[in-house]
Each structure stands twice: as C-alpha cells, then as structure tokens.
Chemist: 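Take a look at this one; I'll ask things after.
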Amino acid sequence: MSSARRATSLLTPLLLATCLVVPPASAGPARPSPPYPEVGAGTRLLDHPAKLAGFVEPEWYEANIPFVDLPDREIEDTYYYRWRTYKEALKRTGDGWIVSEFLGPVGYSAPGGGIVAAAGHHVYEGRWLRDSRYLDDYLDYWLRGSGSGPKPATDFLNENTTDWAHQYSFWAADAVVARASVDGRWDFALDRLPELRRQWAAWAPQFDRELGLYWQVPVWDAMEYTAGSYQSDDPYHGGDGFRPTLNAYQYGDAMAIATLLRMRGDHREAKRYEQEAHALRSNMDKYLWDAEDQFYKHVMREGNPDRAKLADREQIGYVPWYFHMAPPSASAAWAQLTDPQGFAAPFGPSTVERRSPWFMHDALKGCCRWSGPSWPYATSQTLTAMANLLIDYPDQPHVGAHDYYRLLRGYALTQRKDGQPYVAEAHHPDEDRWLYDSRGHSEDYNHSTFNDLVLSGLLGIRPQRGDRVRIAPLVPPDWDHFAAENVPYHGRNLTVVWDRDGSAYGRGAGLRVWLDGRPVHRQADLRPAEVSVAPVDRRDAEPSADDLVNPAETGYPTASASHTWHADRAADAIDGQDFHLDVPSTRWTSYGSPNRQDWLAVDLGAPTRVSDVRISFYDDGGGVRTPDAYAVQYREPDGTWADLPGQARSPRTPEKGRLNRVLVSPPVLTDGLRVLPSRADGGAVGITALQSWRTGDSRVTARLGADVVAVRPGRSAEVTASVRTTAPLTVRPELLLPRGWTAEPVGRSGDRVVVPGKPLDLRWRVHVPDDLQLGARMPLRLMVSTVERGAVTRDTADSAHAEAVLDPAGFGAVVWQDELTGRPPAAAVPR
C-alpha cells in the first residue's frame with residue numbers, strides 16, 4: 001500500500017453509496033476498540049491517584065505507564081512530567097500514530113510531521129508503555145510508511161539523502177531490538193528484518209572504503225554549529241567528517257540485525273553483519289580514538305589528508321558505550337565527565353569540553369549551537385552509555401553509581417522553568433535558564449529520554465532477550481526505599497521494590513520482585529539479580545482508526561464552529577493531537593462568543609459509520625471550563641441535525657480532565673457530526689480532540705485499485721478493489737461514496753467467503769453527478785466488514801480520491817489556435 005493511499009485511508013472517513021442513517025439490522029454492532037490497554041493483575045503498593053494529581057486523562061497513565069516511588073522528589077516529579085510530554089507528542093496521522101518532536105509543525109519534517117533525528121530516543125522511551133500500538137505504528141512509519149518515502153535532496157532537507165528515514169542519523173535496528181527486549185514481541189521485530197536491513201544498507205553512500213568508516217555532516221546528526229562545523233567554511237552545514245555517532249549507530253544496528261537473524265536461524269548472514277560491526281569497531285578505534293587525550297573524536301573529511309583528529313573533545317565521544325561498542329580499555333574517557341575543565345557543569349554536561357576554544361562560541365546569539373550548551377538529546381545518550389558502562393562493563397576507577405545519580409539529578413533539575421517541570425531545546429550549562437526556548441515552538445520539547453534513564457539506569461531494570469530480567473540498580477547507598485510498580489515487561493506486570501527495613505511498603509525488608517502481583521524473588525541487599533520471566537500467551541490489539549482525523553487539513557473531514565476565539569481553530573480539534581497547553585495550543589474554544597450555546601461540527605464529505613465517539617474537553621481553569629452537559633448529533637439525509645440514538649456515555653456527565661466516550665449502538669451512518677457543549681452559566685467551552693474510532697480486522701487487507709480515480713461530471717467510471725485474508729472469513733464489501741453519487745456492482749455482491757491465497761476481486765460502475773466541479777477531489781472508500789454469526793464485528797477500510805478532470809469530448813470545436821510561430825493565430829472558429 002502506498003504511503004499516499006494509507007494516508008487517505010486513515011485521514012478520511014468511510015463513505016456510503018446512498019444516504020442511509022442506520023445499517024441493516026442484520027449488520028449488528030461493530031465491536032468498539034477499548035481506548036486503553038488492559039493492565040491485568042499486578043501489585044497495588046503505591047497511591048496512583050496521588051502520583052497523577054492534576055493530570056488530564058489520568059486513565060491513560062494508569063493503563064500505560066510504570067509507576068515509580070523515589071526518595072528524590074525532583075527526579076520523581078520529572079519522571080511523571082516526562083510521561084505527560086510523551087503523551088502530548090503522540091500524534092495520529094495517515095500512518096497511524098507517530099511520536100512528534102515539536103508539538104507544532106515545522107517545515108523540514110516528513111509527511112505527517114515526523115522528524116527522524118530523535119526517533120531512537122522516542123522508541124527507547126516509549127518501549128515502557130503498555131499499549132504497543134503507538135510504537136508499532138511509529139516504527140512502521142519510518143520503515144514502511146510515509147517516513148520511509150522519498151524526499152527532495154536539497155540543502156535544506158539534507159542533500160546527501162533521498163528519503164526521510166535518512167534525513168538525520170538514526171539507530172533504527174538497535175531501537176527495534178531494545179523495544180522487543182522490553183515487550184517480548186520478537187515476532188514484530190523479526191517481521192521488519194527486510195526493512196531494517198534496507199535501512200542499514202542505505203547509508204552506504206556515506207561509507208568511505210579507504211577508512212572503513214561512515215561520514216556525516218554535524219547538522220544531519222542533529223548538531224549544527226558544532227566545534228567541527230565552526231572549523232569549516234560553513235558553520236551551519238559544514239564540518240562533514242568521520243564521527244563517533246553514525247559509526248556507532250551503524251555498529252549497533254548491525255549487531256541488532258545479527259541478533260534477529262540468529263533468532264531466525266540464519267547464522268551465516270548474522271555472522272556477516274557481526275563482521276561488519278567488528279570492522280567498524282576496529283576502524284573507529286584506529287582512526288577516531290585519540291590515545292593521548294583518551295577520547296573518541298571527530299575527524300574532518302575534506303582537506304585533511306593526514307586524518308588528523310579535532311583537538312576538541314565533544315560529548316558525542318561517549319556514544320560508542322551506548323551500543324557496547326567501546327572496549328573496556330577506553331574507559332578513561334569517562335574521567336572527562338566530572339572534570340571541571342571537561343564536560344562538568346552545574347546544568348551540564350556541556351556539549352563540548354570547557355577547555356575548548358569553541359566552548360559557548362556564539363551560543364548566546366540564538367538557536368541552535370551545540371558548542372557548549374547543555375543539550376538534553378546528548379545528555380540522554382551519555383547517561384544511557386554511562387549506565388551500560390557501570391552495569392555491563394568491568395569495574396573502572398573513573399566514574400561510579402554516585403556519578404550517575406548526580407548527573408541524573410542535575411538533568412532533572414535542569415528540566416525546570418519558573419519552578420515547574422519543563423523541557424525545551426537547550427539549557428545554559430552554568431545558569432538556571434533555557435537558552436533556546438521559542439514561544440509556541442520549544443515547549444515540552446520531545447527530543448530526549450528521561451524515564452528510560454530512570455527505569456533502565458537508576459532503578460536498574462535491564463531488559464533481556466530471553467525469559468528473564470536483570471535487576472542492577474544504580475541508586476545511592478543511603479536510599480532506604482524505592483519502587484517501580486507494574487512495569488510492562490514481556491507481557492507481564494513487573495514490580496521491583498527496595499525497602500531496607502520493610503517500613504516503607506509493608507511487604508518485607510530487602511529487594512523484592514513480583515510478577516503479575518505474585519512474589520517471585522527476594523534478597524537482603526541490592527546486589528544485581530536475575531529473575532526468570534515465564535512467557536505468556538497474548539493477543540495484540542486490533543488495528544483501529546479515527547475517521548475524523550485530518551492533520552494535513554486537506555480534503556475531508558473539515559471542521560467548523562458557530563463561534564471560534566481568534567487565537568484558536570476548529571481544525572485543531574481534528575488535527576490528530578490531544579494536549580492541553582495554552583502555548584502552543586491545539587484546540588477549539590468558544591471564548592468571547594455572544595451565543596448562549598455553541599457547536600463544533602465535522603463535515604465528513606459523505607456518510608461514515610459512527611459507533612465510538614471520544615471527546616476531550618479543554619479547561620484552562622479560567623474563562624474556558626468543562627461543560628456541564630453536551631449533546632452529540634448527526635446530520636440526517638435532509639440536512640437537519642438530530643441527537644445520536646442509542647448513546648452509552650462514560651462518564652455520564654462531563655468531568656474535568658476526563659476523556660468523554662460515547663458508544664453508539666447500533667452504529668449510525670452519517671455525513672456529519674457535531675458536539676454542542678454547554679455550561680449552566682453560559683460561559684465558554686473548548687475541545688482539544690473530537691474523534692470517531694473504528695476497529696479494523698488484522699486478518700483482512702482491503703485495497704482499492706488506484707490512489708486517484710479520474711472522473712468526469714455526469715459520466716461513469718470503473719472502480720476496482722481486492723480483499724485478502726489470512727484466515728477463512730465471511731466479509732461484506734461495500735464501496736462508499738459521497739452524497740449524490742451512486743454505484744452498481746459488476747458481478748456478485750453481498751457477503752462473500754474469502755480464504756487465504758485467493759483474493760476477492762471487486763468492480764463497480766460509479767455514476768458521478770453533473771454538478772461536480774472540475775478539479776474537485778472527493779473520497780472513494782472501500783469498507784470490508786467482518787461478519788461473524790450474521791453480525792458485523794469489525795470494519796477494515798481503504799481509501800482513494802476521485803478527481804474531476806476535463807473531458808475533451810465535451811468540446812466539439814476549436815475556438816482559438818496559436819501555433820506559437822510569431823504569426824497571428826488562426827481565426828477563431830465558432831462552435
């Protein structure tokens with residue numbers, strides 16, 4: 001399926017050939033997809049509501065995140081704050097879910113708003129969420145979807161690559177394996193092996209065979225204005241060279257691919273990737289390791305025949321430990337992390353050592369200069385690498401667990417603004433202020449990790465590839481207690497508790513481990529331990545789609561309102577994002593309205609099946625408040641509005657900070673939805689997200705025959721489609737069209753049985769209205785309903801566009817002809 005087709009299928013609703021209001025009685029209700037994953041059995045040691053006090057939609061966090069209890073309040077507060085920022089960054093697009101970097105769009109992002117620079121961080125952080133659909137979609141976005149598609153090879157978008165997944169450096173395979181090590185879903189990782197191998201191989205144009213190393217431009221490492229680029233003729237786009245970053249990423253990815261190949265039984269190919277990785281390691285030690293300065297450094301590519309290393313140590317020299325690439329003999333590099341003339345800083349570490357002449361060069365002149373500021377992206381990499389050094393490497397004298405805690409605590413304290421948790425783009429290394437923090441752009445910047453550092457580093461929950469978990473905390477020796485509760489791990493709930501004397505949690509003294517609420521391990525001290533985790537049978541959630549979402553704001557659906565405050569937009573309620581910040585914002589509000597009651601409506605362009613409506617109301621605690629009541633209406637065939645029948649609401653009346661869900665049984669077919677929220681005092685209301693969810697069937701693949709169907713007003717066109725299944729199923733295919741359009745099936749219609757290996761091919765003759773304007777684009781959608789015991793249980797869809805084009809046959813005579821010879825044109829011929 002092309003990325004354009006996939007975008008259409010999820011951006012736009014299902015359409016019906018006639019203006020039905022309800023489906024036939026035999027169709028029955030489709031099973032709604034639950035908004036949250038089921039937590040399952042676990043422990044209840046901590047006060048979860050207290051941890052989530054003040055959070056919008058606390059049910060999402062309860063269902064998804066591991067809960068922690070720490071003696072260090074600053075680290076704990078930052079932990080829960082960073083889960084809030086991660087939730088804000090989840091964005092629904094044409095490829096399903098992605099994880100955004102900025103909360104607002106930027107001009108250099110891939111289709112849908114993805115930026116690959118921090119994708120590795122996004123996966124490492126999000127791997128601890130219980131709902132697997134977020135990262136499933138996100139990884140497929142970069143490996144199979146729009147994020148893997150072509151991009152212009154321009155200076156602005158990286159002239160060295162022609163696809164979005166290589167716009168910036170990315171450790172894709174390593175992140176996939178790191179994620180599978182937590183959730184245990186190795187089948188997902190193995191299924192993506194072909195794409196992971198292509199992703200790895202596509203860096204070949206930047207491989208120097210003479211050195212056996214990859215080169216990269218600092219800006220496409222997400223690091224413009226570095227010590228290296230400043231020593232070139234272009235401080236922004238210059239300084240290309242052989243760097244510890246991309247070479248370590250390619251090493252990590254090669255080792256990850258080898259792991260997957262061995263799991264598949266392909267030991268010969270696995271050995272080839274391991275040999276590639278070992279060669280990279282050897283060549284990096286040969287060319288990038290500075291034996292005198294004891295550090296991995298950047299080597300300029302141009303004008304540097306002797307392959308001299310930069311004099312400057314940059315924090316990127318710690319990246320090899322992120323992937324267990326650096327040998328134990330290189331551990332002296334870590335002495336620079338605590339050296340006052342190295343990277344140590346009150347709000348550090350700094351991106352270049354303090355003794356460098358480039359330290360803070362032009363850093364106060366504006367974003368984004370990685371020549372000394374404290375950069376959360378790099379801090380995340382360094383802390384991950386440091387945890388690997390301390391837990392997985394032999395003991396060394398340069399840094400210890402106390403240094404990890406001190407650096408992590410400093411990182412937490414850096415993430416503050418006006419006394420509240422906050423993360424932006426870069427922080428001053430010596431002063432308590434963010435350097436790069438643009439209003440409406442930098443807020444809650446999702447370009448780093450923090451919670452992964454707490455779980456896998458500080459608390460030492462070390463994911464493993466087998467049926468076990470390693471526990472090796474790096475907490476201070478004077479900590480009397482800590483807890484990580486109901487951590488999603490290999491399909492189970494893992495709880496790890498340290499209670500020195502048993503008084504903190506009342507479950508006994510020492511280190512204790514539970515799986516699914518049952519005790520499985522205990523010991524008196526904090527020495528590293530391995531705990532068996534028996535495999536569990538589980539079924540992945542069915543795919544689902546929001547038929548109202550339109551982040552690109554093209555075509556249908558479209559949003560409108562009776563009144564909108566000038567700083568808000570109706571379209572932001574269906575933009576695929578749901579966060580509750582004042583700046584930036586993604587909401588519609590009626591603030592300043594003269595009306596006693598206002599409405600927000602969505603025009604679907606044609607009917608769609610509505611069964612699961614979800615509304616997130618905005619409440620700023622001031623002029624815009626949670627409504628006291630609301631109505632949800634659908635548009636009838638005659639254009640009038642009526643309340644949706646058969647509503648079951650949760651909660652029954654709106655509550656501040658709660659997701660409002662309306663289940664409709666039986667489902668209703670309509671080409672418009674609107675919400676009418678109201679307050680008893682007539683005050684303003686707002687909506688950050690209005691959604692209509694449909695559950696698909698993972699066993700069904702539905703495809704229309706073309707992305708764009710050319711149609712002519714008043715004439716007919718043929719539309720084709722196919723249906724494939726992975727199990728014998730009864731399906732009910734329909735071609736769904738805008739109002740005024742009709743379709744006749746060519747051949748048999750109705751319920752059909754489809755078996756694997758024998759696709760069902762379909763054809764329709766579609767009749768287009770006379771009044772369709774030239775250039776108009778209208779959606780055509782195939783909906784394939786899974787029928788079980790006579791009832792529809794799931795709806796799988798694909799979409800395309802019908803575009804009205806000029807019909808030459810409609811113009812019978814030439815009225816003007818210019819042969820472009822310079823002579824006067826031929827005489828006009830009357831029609």
Chemist: Are H428 and F347 close enough that their ring centres sit under 6.0 Å apart?
Modeler: no
Chemist: Distance under 6.0 Å and angle within 45° of the ring axis: does R92 meet both against W97?
Modeler: yes
Chemist: For Y618, does the six-membered ring have the charged nitrogen or CZ of R587 within the cation-pi criterion, i.e. under 6.0 angstrom from the centroid and within 45° of the normal?
Modeler: yes
Chemist: Going by the angle between their ring planes, with limits at 30° and 60°, are Y249 and W171 parallel, tilted or perpendicular?
Modeler: tilted
Chemist: Check the angle between the aromatic planes of Y138 and H122 and answer parallel, tilted or perpendicular using the 30° and 60° thresholds.
Modeler: tilted
Chemist: Between Q199 and D253, do the side chains contain a donor N or O and an acceptor N or O under 3.5 Å apart?
Modeler: no
Chemist: Report yes or no: is the cationic atom of K417 (NZ for Lys, CZ for Arg) under 6.0 Å from the centre of the six-membered ring of W434, at an angle within 45° of the ring normal?
Modeler: no
Chemist: Heavy atoms, side chains only, cut-off 4.5 Å: are V219 and S229 in contact?
Modeler: no
Chemist: Is it the case that the ring center of Y318 lies less than 6.0 angstrom away from the ring center of F343?
Modeler: yes
Chemist: Is any side-chain heavy atom of R84 closer than 4.5 Å to one of F579?
Modeler: no
Chemist: Looking just at side-chain N and O atoms, do T85 and N446 make a donor-acceptor pair shorter than 3.5 Å?
Modeler: no
Chemist: Please work out whether the ring planes of Y225 and Y230 are parallel, tilted or perpendicular, with thresholds of 30° and 60°.
Modeler: tilted
Chemist: Tell me, please, which residues at least two apart from D603 pass salt bridge (charged side-chain N to carboxylate O under 4.0 Å, His left out).
Modeler: R635
Chemist: Got H441 and V106 here, is their nearest side-chain heavy-atom distance under 4.5 Å?
Modeler: yes
Chemist: Would Y124 and Q381 count as having a side-chain donor-acceptor pair, cut-off 3.5 Å?
Modeler: no
